[in-house]
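By convention here, the first residue in the shown sequence is residue 1.
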Amino acid sequence: MVYRILDLFSGAGGFSKGFDSVNGFKSVVATDFNQAALDTYKLNFKDAVTICGDITEKKIKDNIVEISKEKKVNMIIGGPPCQGFSNKGKKLGLSDPRNFLFLEYLDVVSRLQPEVFVIENVKAMLSAVDGYFIDQISNRIKELGYNIDYGILKASNFGVPQNRERAIIIASKDRHIKLPIPETGEKVTVRDAISDLNYLKSGEGKAVDNYKMSAETEYQRIMRQNSSGKLYNHVATNHSKAALEKLEMIPPEKGKEYLPKELWGKQKFKTTWGRLVWDSQSPTIDTRFDTPSNGTNSHPVLNRAITPREAARLQSFPDDFVFVGKKTYITKQIGNAVPPLMAKAIANSIKKQVEIIE
């Protein structure tokens, strides 16, 4: 059996990329309200149908369901944005307006009746209000006729050079599918991921270029595998003079503790103006990794923030995955994505447990 996937809230397609890299899985429909993200998705998944629109609108949702039925969708993946998982939101529970997209996801599940669906979300979803929300979610999923397993997965346990943690729910009709078991062995580091891109200065780089350095690690060779020798999205932010002066004061792999306190700025977090550490994993890549004042996202040794391609590597997007649009669109696409290698681990685990006949 082949799983034909609907990717809800798809963004640029990190979830789809991971699943599609495993035989037996094929993303056939993707939907998001962000057209810029879908432009990137369409470029990288040419056979998939993309639908841009607000899933809360009946016409849009009906269209998603209709096309998904035409494409014989039997699996759904996606990360519905939810903000109501808090003590403040407990009174309304899943009826909290901030959780409506979660309910929209489950409504599509009820209409399509997929064999399996996978939900990705913030890890707080599982612990909020002493587990109140995950209990509500679990009960709702069981009412739909599905078995459920859930937990927190750490991206660095699945070959991603990043300490991102996310809540994952796997639901299945006919069997109890468990989350993947963390991989053993050496973890991939920032050095493993981006040392071969270690040459741009502030403001340098091209949207499309040739590689300047040879691959130095197995991870880099894997990332380059299908790139046809072309390097995309490796463009450094053109930092202000003031930003460059600050970065020059910060030694390799260090942070703003090396800046005079009057230059710390208004940011409350200790992690702002931090450099990545070569032989460790990066912290969670967010949507503003191009801004040194936003967190620990400056290059370990060079005086600049990491580029979109370096951030994509830290998210485990291969080099042949091309991001399109304005820089602010691209940073959001990368920061909001599910790391493809983590998604691949979930797909492989499902495949082993379900014994897909290829």
Side-chain angles (χ1 to χ4, degrees), residues 3 5-28 30 32 37-38 40-48 50 75-79 118-121 153-168 170 179-180 182-183 187-190 192-194 197 217-227 231-234 281-282 284-287 289 306-324 330-351:
Y3 280 116
I5 297 170
L6 162 63
D7 191 342
L8 288 173
F9 313 101
S10 66
F15 224 167
S16 287
K17 185 64 179 174
F19 270 81
D20 283 23
S21 66
V22 177
N23 287 335
F25 297 88
K26 175 77 170 174
S27 296
V28 293
D32 202 283
L38 281 181
T40 289
Y41 191 103
K42 188 63 181 174
L43 180 66
N44 292 281
F45 303 90
K46 293 182 170 59
D47 295 336
T50 54
M75 182 176 198
I76 301 175
I77 62 175
V118 185
I119 297 173
E120 175 263 0
N121 218 292
L153 295 186
K154 192 170 185 176
S156 62
N157 287 330
F158 301 98
V160 182
Q162 182 188 170
N163 285 324
R164 193 184 198 97
E165 290 183 303
R166 302 297 278 180
I168 301 293
I170 300 178
L179 267 63
E183 297 168 2
K187 292 189 176 182
V188 181
T189 65
V190 171
D192 293 331
I194 65 169
L197 305 179
T217 67
E218 182 60 23
Y219 184 86
Q220 291 166 19
R221 283 186 280 275
I222 292 169
M223 292 294 105
R224 292 185 181 207
Q225 215 161 30
N226 300 310
S227 67
L231 181 63
Y232 297 89
N233 305 119
H234 191 38
Q281 289 71 47
S282 85
T284 299
I285 298 297
D286 65 16
T287 60
F289 60 77
I306 54 173
T307 68
R309 180 47 55 192
E310 288 167 329
R313 286 267 191 97
L314 295 172
Q315 277 277 60
S316 74
F317 279 98
D319 289 359
D320 65 334
F321 197 102
V322 181
F323 298 88
V324 293
I330 289 173
T331 57
K332 285 178 182 176
Q333 290 169 27
I334 296 170
N336 285 332
V338 177
L341 282 183
M342 188 166 79
K344 181 180 181 180
I346 297 169
N348 269 321
S349 180
I350 291 171
K351 180 176 179 175

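- With contacts defined as side-chain heavy-atom distances shorter than 4.5 Å, the pair Pro318/Lys17 qualifies.
- Annotation: the span from Thr284 atom OG1 to Gln162 atom CD amounts to 5.5 Å, rounded to 0.5 Å.
- Within the 4.5 Å cutoff, side-chain heavy atoms of Arg166 are placed close to those of Met342.
- Partner Phe323 forms a side chain to side chain contact (heavy atoms under 4.5 Å, CB included) with one of Asn233, Leu43, Asn44 and no other, that one being Asn233.
- Closest approach of Phe289 and Asp286 over heavy atoms only: CD2-O, 3.2 Å.
- Side-chain polar atoms of Ser156 and Gln281 form no donor-acceptor pair below 3.5 angstrom.
- Interatomic distance, CE of Met223 versus CD of Glu218, reported as 10.0 Å (0.5 Å rounding).
- When all heavy atoms are compared, the tightest approach of Phe9 to Asp32 is C-OD2, 3.4 Å.
- Closest approach of Val322 and Thr40 over heavy atoms only: O-CG2, 3.5 Å.
- Residues Phe19 and Val118 have side chains in contact (heavy-atom distance under 4.5 Å, counting atoms from C-beta outward).
- Put simply, the side chain of Ser16 never gets that close to the backbone of Gly13: no donor and acceptor are under 3.5 Å apart.
- A heavy-atom distance below 4.5 Å is found between the side chains of Ser10 and Leu38.
- Counting heavy atoms from C-beta outward, Tyr219 and Leu341 have side chains that approach closer than 4.5 Å.
- The aromatic rings of Phe321 and Phe45 sit perpendicular to each other, their planes meeting at more than 60°, with 30° as the lower class boundary.
- The distance from the OH atom of Tyr3 to the CD1 atom of Ile350 is 7.5 Å, given to the nearest 0.5 Å.
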Verdict with supporting geometry, Ile346 and Glu120, side chain to side chain contact (heavy atoms under 4.5 Å, CB included): CA-CA 11 Å; Ile346 297 169; Glu120 175 263 0; over 6 Å; no

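- In this structure, Gln315 contributes its side chain and Ala337 its backbone to a donor-acceptor pair below 3.5 Å.
- Nearest heavy-atom pair, Phe15 versus Gly78, reported as atom, atom and distance to 0.1 Å: CE1-N, 3.5 Å.
- Heavy-atom minimum distance, Gln333 versus Ala12: CB-CB, 3.8 Å.
- Distance check, rounded to the nearest 0.5 Å: CG of Leu8 to CG of Leu6 gives 4.0 Å.
- Of the N and O atoms on the side chains of Asp7 and Ser27, not one donor lies less than 3.5 Å from an acceptor on the other residue.
- Scanning all heavy atoms of the two residues, the minimum distance from Leu153 to Pro180 falls at CD1-CG, 3.9 Å.
- The CD atom of Gln225 lies 9.0 Å from the CG atom of Asp320; values are rounded to the nearest 0.5 Å.
- Residues Tyr232 and Pro308 form no side-chain contact, since every pair of their non-hydrogen atoms from C-beta on lies 4.5 Å or further apart.
- Under the 3.5 Å distance criterion, with hydrogens and angles disregarded, no donor-acceptor pair is assigned to the side chains of Thr217 and Asp192.
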Working for side chain to side chain contact (heavy atoms under 4.5 Å, CB included), residues Ile285 and Ile306: CA-CA 10 Å; Ile285 298 297; Ile306 54 173; 4.0 Å; yes

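- Asp319 has its side chain within reach of Arg313: a pair of non-hydrogen atoms, C-beta onward, lies under 4.5 Å apart.
- A 4.5 Å side-chain heavy-atom check between Glu183 and Asn157 finds every atom pair outside the cut-off.
- Distance check, rounded to the nearest 0.5 Å: OG1 of Thr331 to CG of Asn336 gives 9.0 Å.
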